[in-house]
There are 2 protein chains.
Amino acid sequence: MVKPQDEVRSGLEVTSPERGVPAQKPVTLAMVAKHAQVHYSTVSRALSPNPTGIGADTVKRVRELATLLGYRRDEGAAALKRGRSRLIGVLVPRLTDVALATLYAGIDDAASLAGYDTVVANTWDEAERRRSRLDSLLSRRVDGIILADSHIADHTAHELSKLGLPCVLAMRRLPSEVSVSTDDLAGGRLAAEHLISRGHTQVGIIAGDITASTGIERSQGFTSAYRESGMDVPQSHIIASGFGALAGYEACRKLLELPERPTAIFAADDLTAVGAMGAIRDAGLRIRNDIAIIGYNDIDISKQLPIPLTTIRSPLLEMGRASLKKLLDRISGRPVDSELLKPELIVRSTT
Amino acid sequence: MVKPQDEVRSGLEVTSPERGVPAQKPVTLAMVAKHAQVHYSTVSRALSPNPTGIGADTVKRVRELATLLGYRRDEGAAALKRGRSRLIGVLVPRLTDVALATLYAGIDDAASLAGYDTVVANTWDEAERRRSRLDSLLSRRVDGIILADSHIADHTAHELSKLGLPCVLAMRRLPSEVSVSTDDLAGGRLAAEHLISRGHTQVGIIAGDITASTGIERSQGFTSAYRESGMDVPQSHIIASGFGALAGYEACRKLLELPERPTAIFAADDLTAVGAMGAIRDAGLRIRNDIAIIGYNDIDISKQLPIPLTTIRSPLLEMGRASLKKLLDRISGRPVDSELLKPELIVRSTT
DNA sequence: CATACATGCGCCAGTTATTGC
DNA sequence: CGCAATAACTGGCGCATGTAT
């Protein structure tokens with residue numbers, strides 16, 4: 001269904017001579033060259049980071065003239081010439097999730113520092129949309145891709161490798177691919193140990209997306225720790241939720257209706273934890289006194305909530321920066337390994 | 001080739017092909033052409049949206065071959081040729097603010113539908129960073145820019161116009177520029193009227209950024225409505241806060257310390273409202289019973305909070321889509337006007 | 001009518017020509 | 001005359017599109 005060429009373009013003219021807007025042409029090397037009375041290739045050299053084969057005075061003169069005229073290198077044209085776009089693609093389920101937005105902020109920050117631009121796309125966990133967005137990125141000839149939306153049965157990373165396109169997973173892991181993520185097994189463990197130390201024997205899990213490594217491993221780490229302490233978390237007490245506060249609310253309601261109601265809940269994500277808190281309150285129960293709750297990620301608001309949320313902190317900004325850095329390493333052909341960042345327990349008022 | 005004198009400064013590379021990765025070259029028109037036994041311009045025509053001057057069978061044959069070979073048009077090269085990049089730049093203070101992320105989701109969605117890609121940049125409200133990111137966008141030869149971070153004394157939009165680059169403001173307004181935003185005066189009014197109807201005579205405002213139209217007009221609409229009802233909101237009760245929950249927390253504390261403590265607070269943003277709720281609770285006061293609070297935007301979590309937040313809903317997704325559409329109109333030279341979206345009062349439990 | 005050919009978008013980098021000592 | 005340094009010249013990168021066959 002995906003055609004290499006773009007067909008449907010609502011109303012936008014393509015072929016008609018665009019009129020109406022000034023559309024002044026940007027200053028080119030040639031224009032600067034004319035003013036400077038030199039060949040345009042000389043201008044190109046003078047404007048390069050460390051000019052070679054050009055007199056220092058010429059460099060200075062040309063550079064001044066260039067800024068004066070408002071010259072800005074056409075990155076697209078340069079990319080065409082050198083075969084590298086200095087563009088990084090980022091695929092993310094939803095930027096409206098603060099955790100992902102923070103991750104992306106880290107990526108964007110590091111990229112911009114390294115002289116790269118990023119193109120990010122929301123995939124909303126929809127295969128169709130994802131494919132079409134990925135197509136766009138490939139058309140833009142991105143130098144590499146960061147995948148923050150991988151699912152367990154997803155082969156995208158592998159396919160990209162076959163295309164020779166460097167790629168790094170972020171946030172979510174996949175055994176056979178290079179990734180930067182939090183040690184979610186350890187994170188789940190931290191949560192469990194904390195609840196155990198608080199004396200909770202009946203617990204429930206709001207697992208988030210169990211087709212993603214995050215959902216899987218956070219739950220797994222948690223249940224492992226409980227099992228090792230001689231307690232079991234029955235399958236019935238592990239709810240696969242969607243994303244966001246509403247999903248958390250609904251998942252929590254299911255937990256509250258269980259015959260053996262948990263006295264503590266581990267939510268694999270702060271936002272779902274917030275929703276869960278709403279459900280607990282709506283059920284006429286008191287948070288912590290009746291039901292404790294612990295989240296994951298430590299997003300901005302967790303600390304400021306009416307009842308500050310106990311949570312597992314995940315270094316999201318750092319994760320973003322690290323994944324970008326790793327991607328650049330791959331692009332340069334340097335050997336890279338996956339990286340696991342350390343989660344940290346932040347105890348506040350909900351446990 | 002080796003110049004003896006260069007040994008001293010051998011640290012300064014000039015041309016290191018830095019390779020290491022397969023870096024397979026993408027399929028080009030020429031390759032498809034070779035396989036199809038036709039001239040590459042024929043392939044180009046066959047792959048264009050509505051091929052002209054080409055036999056239907058040739059079109060079919062070429063297209064099949066193209067998909068088979070995995071051909072993907074090089075957007076960068078195409079852009080160079082046609083003088084349009086099909087790239088839209090977006091400047092945003094911070095994507096980590098859900099409201100902005102939602103706005104961007106709308107933009108991105110509409111852009112992708114129209115065959116455009118977007119490049120977004122966080123400016124963090126820092127002039128320096130903003131300038132450098134804007135520079136990047138210009139270097140990428142974006143076809144237009146959406147500014148979601150404009151301040152009152154900001155002339156960027158005007159300067160872009162002078163460059164002939166179409167641009168639209170989103171979220172925040174500026175009198176002389178084309179924008180898509182919520183009617184914040186009306187929104188502030190809605191909030192005020194609601195609080196008035198609840199009998200609150202002593203109120204406070206957490207105004208957010210008062211160098212942005214949002215902060216200004218939401219406060220202004222609010223105070224106007226109060227004044228027209230014969231009540232005044234003293235300047236001392238209007239706190240200019242920063243962004244996020246923490247800022248809301250601190251601003252609220254200031255309000256609570258006032259000699260004439262307000263019985264209700266209008267926060268110009270849901271996130272700051274959340275922080276404010278934390279401060280109210282920390283002060284040992286009860287939300288609604290002691291102090292009512294109303295927010296703005298109606299972000300996802302507002303509804304699911306332990307105490308669901310009364311707020312003014314702003315159609316953020318729609319705003320994003322509309323601003324992109326308007327930008328495309330400008331790009332095509334169609335006449336455009338600013339647009340004000342209607343805010344809506346959502347009454348929940350905090351008032 | 002269907003296809004092939006040719007031009008050039010703006011830039012980078014390898015190669016060649018022009019200086020000055 | 002040799003040899004640097006300095007600058008000009010040249011050939012495309014992949015594609016769209018006007019023109020020739």
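These numbers come from a predicted model, not from an experiment. Just so it is clear: chains get the letters A, B, ... in the order the sequence lines come, proteins before strands, and each one is counted from 1. When reading the values below, keep in mind they use all heavy atoms of this one structure, side chains included, and skip hydrogens, waters and symmetry mates.
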salt_bridge(Asp108(B), Arg133(A)) N-O dist < 4.0 Å: yes
Side-chain donor/acceptor of Lys81(A) to base of dG10(C), under 3.5 Å: no
Within-4.5 Å side-chain heavy-atom neighbours: Asp143(B) and Pro166(B): no
Protein-to-nucleotide contact annotation, 5' to 3' order, nucleotides 16-21 of chain C [B base; S sugar-phosphate only; - none; under 4.0 Å, heavy atom]: ------
Between dG10(C) (P) and Tyr71(A) (OH): distance, integer Å: 10 Å
Whole-Å distance separating the CZ atom of Arg86(B) from the P atom of dC9(C): 21 Å
Residues forming a salt bridge (charged side-chain N to carboxylate O under 4.0 Å, His left out) with Glu318(A), sequence neighbours excluded: none
Distance in angstrom units between Arg84(B) CZ and dC15(D) C1', rounded: 16 Å
Ser85(A) side chain vs Leu87(A) backbone, donor-acceptor pair below 3.5 Å: yes
Contact list for DNA chain C against residues 38-48 of chain A - heavy-atom distance below 4.0 Å: Tyr40(A), Ser41(A), Ser44(A), Arg45(A)
Test salt bridge (charged side-chain N to carboxylate O under 4.0 Å, His left out) applied to Arg45(B) - qualifying residues, sequence neighbours left out: none
For Ser150(A), side-chain hydrogen bond (donor to acceptor under 3.5 Å, both in side chains) partners two or more places apart: none
Atom-pair distance (CZ on Arg61(B); C1' on dA2(C)), nearest Å: 12 Å
Sugar-phosphate only, base, or nothing, as touched by Gly55(A) at under 4.0 Å among non-hydrogen atoms: sugar-phosphate
Separation of dT17(D) C1' from Leu80(B) CG (nearest whole Å): 14 Å
Sole candidate of Val119(B), Leu160(B), Ile88(B), Thr156(B) that passes side chain to side chain contact (heavy atoms under 4.5 Å, CB included) when paired with Ile145(B): Leu160(B)
By side chain to side chain contact (heavy atoms under 4.5 Å, CB included) - contacts of Ala111(B) (at least two apart): Tyr116(B), Thr118(B), Leu324(B)
Residues from residues 133-142 of chain B lying under 4.0 Å of DNA chain D - heavy atoms: none
Spacing of Leu100(B) atom CG and Asp149(B) atom CG [to the nearest 0.5 Å]: 9.0 Å
Counterpart residues, side chain to side chain contact (heavy atoms under 4.5 Å, CB included), relative to His35(B) (two or more places apart): Leu65(B), Leu69(B)
Any side-chain heavy-atom pair of Met171(A) and Val180(A) under 4.5 Å: no
Separation of dC13(D) C1' from Leu29(B) CG (nearest whole Å): 13 Å
Five-pair end axes of the helix from dA2(C)-dT21(D) to dC21(C)-dG2(D), angle between them (10°): 60°
Residue pairs passing the salt bridge (Lys or Arg N to Asp or Glu O under 4.0 Å) test where at least one lies in residues 64-75 of chain A, sequence neighbours excluded: Lys60(A)-Glu64(A), Arg72(A)-Asp135(B), Arg73(A)-Glu75(A), Asp74(A)-Arg141(B), Glu75(A)-Arg82(A)
Partner set under salt bridge (charged side-chain N to carboxylate O under 4.0 Å, His left out) for Arg129(B), not counting sequence neighbours: Asp109(A), Glu126(B)
Qualifying residues under salt bridge (charged side-chain N to carboxylate O under 4.0 Å, His left out), relative to Glu339(A), sequence neighbours excluded: Lys326(A)
Gap between atoms CE and C1', on Met31(B) and dC13(D) respectively (whole Å): 11 Å
Protein-nucleotide distance (Arg73(A), atom CZ; dC11(C), atom P), rounded to Å: 9 Å
